[in-house]
K.L.:
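I'd like to ask you about the structure that follows.
Because the structure is predicted, anything quoted here is derived from the model rather than measured. Letters A, B, ... are given to chains in the order of the sequence lines, protein chains preceding strands, and every chain is numbered from 1. Reckoned from all heavy atoms, side chains included, excluding hydrogens, waters and symmetry mates.
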Protein chains: 2
Amino acid sequence: MLSQIAPSDDLAFFRPHQFLARENERPEAYYDILEGWACRHRLLSDGRRQITALYLPGDLCDPIWPLSGVCHDAVVALTNVRAVRRPLGDMQPLDRSRGAGLRLAESIERQSGWLVSLGRKTAVERLAHLLLELFERMRRAGLAYGQQCALPLTQTDIADATGLTAVHVNRTLQAMRAKGVLEFHSKWLRIPDLGALRDLAALGPHDPV
Amino acid sequence: MLSQIAPSDDLAFFRPHQFLARENERPEAYYDILEGWACRHRLLSDGRRQITALYLPGDLCDPIWPLSGVCHDAVVALTNVRAVRRPLGDMQPLDRSRGAGLRLAESIERQSGWLVSLGRKTAVERLAHLLLELFERMRRAGLAYGQQCALPLTQTDIADATGLTAVHVNRTLQAMRAKGVLEFHSKWLRIPDLGALRDLAALGPHDPV
DNA sequence: GCTACTTTGAAACATATGTGAATCCAGTGT
DNA sequence: ACACTGGATTCACATATGTTTCAAAGTAGC
């Protein structure tokens with residue numbers, strides 16, 4: 001999946017909360033994530049935070065890079081991250097590699113799913129949807145073991161991705177655990193019945209993930 | 001802004017509720033919108049609806065077209081629409097024109113703004129944000145007259161874009177009108193004080209729109 | 001093994017927004 | 001003029017989710 005490492009590329013390491021790209025700055029590189037999780041997010045002036053994308057191992061972390069040249073979302077590591085750094089040099093917003101369009105289109109697809117989630121779904125549906133998506137992505141990356149996978153997010157991270165509060169994420173997860181549709185302790189997710197969780201997520205038969 | 005019309009291109013007309021692209025089908029064309037408004041949206045099985053993008057005159061209505069080859073969002077006309085139809089022929093998801101990446105990146109930017117809105121903003125903030133964005137886009141398209149522009153959306157459309165109910169959109173708009181930050185009757189929007197509305201929208205100093 | 005810090009769990013209470021149902025109103029066609 | 005229609009407006013009421021606070025349980029550094 002990953003392309004070869006070119007001479008100018010380099011391995012990069014990040015600790016939790018370190019920036020891969022800062023808000024209102026021109027991005028200097030993009031990253032192939034080898035290990036660890038990162039996210040794209042925006043902050044409001046009063047501290048409210050919304051995660052707009054999650055990057056898992058194997059993902060290409062594309063700088064979203066409009067004509068203005070500066071990012072409007074910050075990209076920050078959620079765990080320790082090991083990645084291949086691919087400098088942008090003096091590349092212009094119009095210069096994108098073949099395949100970039102496809103990747104971006106898929107980001108839009110995923111974001112549309114998130115918009116539906118945030119705009120129209122209940123807390124249970126949002127959580128089911130998110131956890132299902134993450135499990136599925138981990139599985140595709142070869143990082144799921146049977147019905148379980150690592151999920152190194154705090155409940156606060158999950159809240160910021162789903163547009164809920166941490167308190168409500170906690171009580172909703174409790175309820176879902178009680179119903180037996182998922183287990184989630186110490187950064188480890190187990191989904192006993194994929195189908196049941198999918199039903200809870202209010203996904204259509206054709207919806208991706 | 002619009003490219004020339006090639007021989008295989010053609011003018012297309014749509015009435016409200018007509019599809020420019022259907023869910024779960026391969027898109028057959030994309031459109032340069034000359035006149036009228038359209039939107040991309042998804043429906044849940046119980047009828048809940050979320051608008052994921054709005055297309056205004058001058059916009060290029062890109063089919064979001066992942067590797068699977070089929071759209072997951074429908075594109076439908078909200079008003080009468082006149083557009084240049086550009087057939088995709090046998091173009092593959094990987095074949096995208098130069099500049100497509102940039103346009104898609106800008107869509108992601110805008111969608112990120114919507115995610116923040118839906119996930120973290122109050123009803124007043126969401127409405128201020130949306131109306132401001134639409135006014136600004138109309139202005140850039142040369143379709144604003146001073147502080148006013150056409151805004152041919154029903155309150156139900158606005159609700160489906162902001163993740164609120166039509167009833168709540170109505171009462172929130174009333175309140176905003178009462179405070180004098182906007183006027184909006186019969187599909188016509190007037191913003192007496194852009195700055196005031198921008199403050200209400202909880203946008204950062206660098207946020208686009 | 002002790003301290004400091006982060007994350008999870010819980011309870012009581014507050015409120016923004018949703019629901020359901022009428023009514024009103026403007027535009028359109030007959 | 002009249003009836004239809006989709007949209008806007010209102011009202012009374014319901015509830016999912018937010019807020020605040022605190023305690024318990026992990027986790028990391030030393």
Side-chain angles (χ1 to χ4, degrees), chain A residues 15-17 37 44 46-50 76-80 117-131 150-178 182-189 200 202, chain B residues 15-18 37 44 46-51 76-80 117-131 150-178 182-189 200 202:
Chain A
R15 313 237 46 187
H17 304 118
W37 291 38
L44 300 186
D46 60 0
R48 280 175 288 177
R49 173 187 186 232
Q50 178 65 46
V76 2
L78 293 169
T79 66
N80 287 330
S117 211
L118 298 194
R120 289 303 186 205
K121 290 191 183 176
T122 67
V124 172
E125 290 167 339
R126 293 186 210 188
L127 287 171
H129 183 161
L130 179 70
L131 297 179
L151 204 159
L153 299 177
T154 66
Q155 294 187 356
T156 301
D157 293 329
I158 295 178
D160 288 338
T162 52
L164 302 166
T165 55
V167 172
H168 199 56
V169 166
N170 185 282
R171 69 185 154 215
T172 309
L173 284 179
Q174 305 281 359
M176 294 173 83
R177 273 192 275 237
L182 59 83
E183 292 165 36
F184 175 46
H185 335 109
S186 44
K187 318 280 143 143
W188 197 256
L189 172 69
L200 278 187
Chain B
R15 314 235 49 183
H17 303 119
Q18 257 194 289
W37 290 38
L44 300 187
D46 61 0
R48 281 174 288 178
R49 172 186 187 234
Q50 177 65 47
I51 292 180
V76 4
L78 294 169
T79 65
N80 288 329
S117 212
L118 298 193
R120 289 304 186 204
K121 290 190 182 175
T122 66
V124 172
E125 291 167 337
R126 292 185 210 187
L127 287 171
H129 183 159
L130 179 70
L131 297 180
L151 204 158
L153 299 178
T154 67
Q155 294 188 357
T156 300
D157 292 329
I158 296 179
D160 287 338
T162 52
L164 302 166
T165 55
V167 172
H168 199 57
V169 166
N170 185 282
R171 68 186 154 216
T172 308
L173 284 179
Q174 305 279 2
M176 294 172 82
R177 274 192 275 238
L182 59 83
E183 292 165 37
F184 175 46
H185 335 108
S186 45
K187 317 281 142 141
W188 197 254
L189 172 69
L200 277 187

K.L.:
Where the side chain of A:His168 is defined as all heavy atoms beyond and including C-beta, which of C:dT19, C:dT17, D:dG18 is the nearest nucleotide?
P.N.:
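The closest nucleotide is D:dG18.
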K.L.:
Measure CZ/A:Arg120 against P/D:dT17 and give the value in whole Å, please.
P.N.:
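The distance from CZ of A:Arg120 to P of D:dT17 comes to 14 Å, rounded to the nearest Å.
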K.L.:
Quick one, B:Val169 and B:Leu173 - any side-chain contact, counting heavy atoms below 4.5 Å?
P.N.:
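In short, these two side chains touch, coming nearer than 4.5 Å.
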K.L.:
Which part of the nucleic acid, if any, lies within reach of B:Ser186 when heavy atoms closer than 4.0 Å are counted: base, sugar-phosphate only, or nothing?
P.N.:
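Nothing, no heavy atom under 4.0 Å.
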K.L.:
What's the CG-C1' distance between B:Asp157 and D:dG7, to the nearest Å?
P.N.:
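Checked: the CG to C1' distance equals 11 Å.
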K.L.:
So A:Thr172, base contact, sugar-phosphate only, or nothing? Heavy-atom distance under 4.0 Å.
P.N.:
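Counting heavy atoms under 4.0 Å across all strands, no contact is made by A:Thr172.
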K.L.:
Using atom types as modelled and distance alone, determine if a side-chain donor or acceptor of B:Arg48 lies under 3.5 Å from a backbone N or O of A:Arg120.
P.N.:
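Indeed, once roles are kept as given, a pair shorter than 3.5 Å links the two residues.
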K.L.:
Please report the end-to-end axis angle for the helix from C:dG1-D:dC30 to C:dT30-D:dA1, five pairs per end, rounded to 10 degrees.
P.N.:
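The angle separating the two end axes equals 60°.
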K.L.:
Give every pair of a protein N or O atom and an N or O atom of nucleotides 8-14 of chain C that lie under 3.5 Å apart, one pair per line with the distance.
P.N.:
residue: C:dT8; atom: OP2; partner: A:Gln155; partner atom: N; Å: 2.8
residue: C:dG9; atom: OP1; partner: A:Arg177; partner atom: NH2; Å: 3.4
residue: C:dG9; atom: OP2; partner: A:Gln155; partner atom: NE2; Å: 3.0
residue: C:dG9; atom: OP2; partner: A:Asn170; partner atom: ND2; Å: 2.8
residue: C:dG9; atom: OP2; partner: A:Gln174; partner atom: NE2; Å: 3.3
residue: C:dG9; atom: OP2; partner: A:Arg177; partner atom: NH2; Å: 3.1
residue: C:dG9; atom: O5'; partner: A:Gln174; partner atom: NE2; Å: 3.1

K.L.:
Without swapping roles, check the side chain of A:Gln50 against the backbone of B:Ser117 for a donor-acceptor pair under 3.5 Å.
P.N.:
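Checking the backbone N and O of B:Ser117 against the side chain of A:Gln50, no donor-acceptor pair under 3.5 Å is found.
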K.L.:
Select base, sugar-phosphate, or nothing to describe what B:Ala166 touches, counting heavy atoms under 4.0 Å on all strands.
P.N.:
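Touches nothing.
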K.L.:
Are the side chain of A:Arg15 and the backbone of A:Asn80 linked by a donor-acceptor contact shorter than 3.5 Å?
P.N.:
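Checked: no pair found.
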K.L.:
Would you kindly give the CZ-to-P distance between A:Arg48 and C:dA16, to the nearest whole Å?
P.N.:
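Atom-to-atom, A:Arg48 to C:dA16, this comes out as 13 Å.
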K.L.:
Tell me the interatomic distance from B:Leu164, atom CG, to D:dA16, atom P, rounded to whole angstroms.
P.N.:
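These atoms are roughly 18 Å apart.
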K.L.:
Give, for atom CZ of A:Phe184 and atom CG of A:Leu127, the distance between the pair rounded to the nearest 0.5 Å.
P.N.:
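Between atom CZ of A:Phe184 and atom CG of A:Leu127 there are 10.0 Å.
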K.L.:
Within this structure, what is the NZ-to-P distance between A:Lys121 and C:dT17, rounded to whole angstrom?
P.N.:
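Answer to the nearest Å: 21 Å.
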K.L.:
Given side chains that start at C-beta, do those of B:Met176 and B:Leu200 come closer than 4.5 Å, heavy atoms only?
P.N.:
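Yes, close enough: below the 4.5 Å cut-off.
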K.L.:
So do the side chains of B:Asp160 and B:Arg49 get within less than 4.5 Å of each other, counting heavy atoms only?
P.N.:
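Answer yes - side chains close enough.
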K.L.:
How many angstroms lie between CZ in A:Arg126 and NZ in A:Lys121, if you round to the nearest 0.5 Å?
P.N.:
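It is 10.0 Å, given to the nearest 0.5 Å.
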K.L.:
May I have the distance from A:Leu118 (atom CG) to D:dG18 (atom C1'), rounded to whole angstrom?
P.N.:
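After rounding, the gap between these two atoms is 16 Å.
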K.L.:
Can you tell me how far P of D:dG7 sits from CD1 of B:Ile158, to the nearest Å?
P.N.:
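Rounded to whole Å, this separation is 12 Å.
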K.L.:
Between B:Asp46 (CG) and C:dG18 (P), how many Å, whole number?
P.N.:
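Distance check: B:Asp46 CG to C:dG18 P gives 14 Å.
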K.L.:
With the side chain counted from C-beta on, respond yes when B:Trp37 and B:Leu153 share a heavy-atom pair under 4.5 Å apart, and no when they do not.
P.N.:
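Yes, side chains in contact.
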